[in-house]
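This report concerns only the one structure given below.
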Amino acid sequence: GCMKGDTMALPAVTTQRIEAVLKDEELEYGVDDDNEVFASFVNANFFYRIVEDIELLFIYGYWRAETADSDLVARLREFIKDKNSDIYLPKLTMVFLDDGLLRVGYEYSAPVGGGLTDEQLHNTIIAVFGTTFSVLEELEQAFPELVTWDVEEGED
């Protein structure tokens with residue numbers, strides 16, 4: 001007989017499935033009014049959005065530090081440029097806040113039009129955490145003057 005083309009389709013990526021991964025990892029998370037999932041850490045936050053019309057999982061966030069100091073901004077730009085040529089994911093960006101302050105942001109997009117298995121979704125989210133946190137650790141060592149929070153905070 002003729003097989004329907006969609007019998008092999010993988011499960012669609014949904015907000016609920018993203019929540020399930022974060023729950024598996026025993027992370028605290030929330031969902032905002034725009035159906036965007038977010039997870040906050042002492043030094044950073046992560047947001048997960050499914051961009052339906054282009055079938056994309058968009059993961060982004062910010063390092064908690066912010067500065068308006070032009071020397072620091074110049075050094076941060078250099079750091080970002082070096083890192084972006086060095087790592088595959090996420091892409092680092094400079095984010096301008098309203099009050100002249102700058103933050104380091106990061107983003108990663110994964111096409112999810114064909115769906116993802118649980119393992120693929122889990123691995124994608126964990127990979128982004130892993131690389132991002134190692135970059136943030138380097139940032140915090142390179143720019144200790146920007147770390148205004150207690151690094152041990154929130155750890156048992």
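Nothing here was measured: the structure is a model prediction, and the numbers come from that model. Each residue takes its place number in the sequence, starting with 1.
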What's the separation between atom [atom1] in [X] and atom [atom2] in [Y], rounded to the nearest 0.5 Å?
| X | Y | atom1 | atom2 | answer |
| --- | --- | --- | --- | --- |
| Glu19 | Gln16 | CD | CD | 6.0 Å |
| Lys91 | Asn84 | NZ | CG | 4.5 Å |
| Ser40 | Tyr62 | OG | OH | 12.0 Å |
| Thr14 | Arg17 | OG1 | CZ | 6.0 Å |
| Asp99 | Leu97 | CG | CG | 6.0 Å |
| Glu28 | Phe38 | CD | CZ | 10.5 Å |

Side-chain contact, heavy-atom cut-off 4.5 Å: [X] with [Y]?
| X | Y | value |
| --- | --- | --- |
| Leu139 | Val104 | yes |
| Met94 | Arg103 | no |
| Leu102 | Val95 | no |
| Gln120 | Leu10 | yes |
| Tyr48 | Val128 | no |
| Thr132 | Leu89 | no |

Check each of [options] against [X] using the side-chain contact (heavy atoms from CB on, under 4.5 Å) test, and report the only one that passes.
| X | options | answer |
| --- | --- | --- |
| Val31 | Asn35, Asp33, Asp34 | Asn35 |
| Val13 | Leu116, Thr124, Leu56 | Leu116 |
| Leu121 | Ile126, Val112, Leu57 | Leu57 |

**Request:** Taking all heavy atoms of Gly100 and all of Ala68, pick out the closest pair and write down the distance.
**Result:** O-CB, 3.7 Å

Please check if [X] and [Y] belong to a single hydrophobic cluster, counting links between Ile, Leu, Val, Met, Phe, Trp and Tyr side chain heavy atoms closer than 4.5 Å.
| X | Y | answer |
| --- | --- | --- |
| Ile80 | Leu146 | yes |
| Ile59 | Ile87 | yes |
| Trp149 | Leu72 | yes |
| Tyr88 | Ile125 | yes |
| Phe143 | Val135 | yes |

**Request:** Please work out whether the ring planes of Phe133 and Phe129 are parallel, tilted or perpendicular, with thresholds of 30° and 60°.
**Result:** parallel

**Prompt:** So Phe41 and Phe46, would you call those rings parallel, tilted or perpendicular, with 30° and 60° as cut-offs?
**Reply:**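 Taking Phe46 first and then Phe41, their aromatic rings stand perpendicular (interplane angle over 60°).
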
**Prompt:** Does the side-chain contact (heavy atoms from CB on, under 4.5 Å) test come out yes or no for Val147 and Arg64, once each step is laid out?
**Reply:** CA-CA 8 Å; Val147 178; Arg64 184 167 158 186; over 6 Å; no

**Asked** Do the two ring centres, one from Tyr108 and one from Tyr106, sit under 6.0 Å apart?
**Response**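 Tyr108 vs Tyr106: aromatic centres not under 6.0 Å.
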
**Request:** Answer yes or no: is there an ion pair linking Glu36 with Arg49, defined by an N-O contact shorter than 4.0 Å?
**Result:** yes

**Prompt:** Thinking salt bridges, do Arg75 and Glu78 make one under a 4.0 Å N-O criterion?
**Reply:**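 Judged by the 4.0 Å cut-off on N to carboxylate O distance, Arg75 and Glu78 do not form a salt bridge.
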
**Prompt:** Does a sphere of radius 6.0 Å around CD in Glu119 hold more than 12 heavy atoms from other residues, nucleotides or ligands, not counting ones at 6.0 Å or beyond?
**Reply:**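 Counting neighbours around CD of Glu119, 12 or fewer heavy atoms of other residues, nucleotides or ligands fall under 6.0 Å, so no.
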
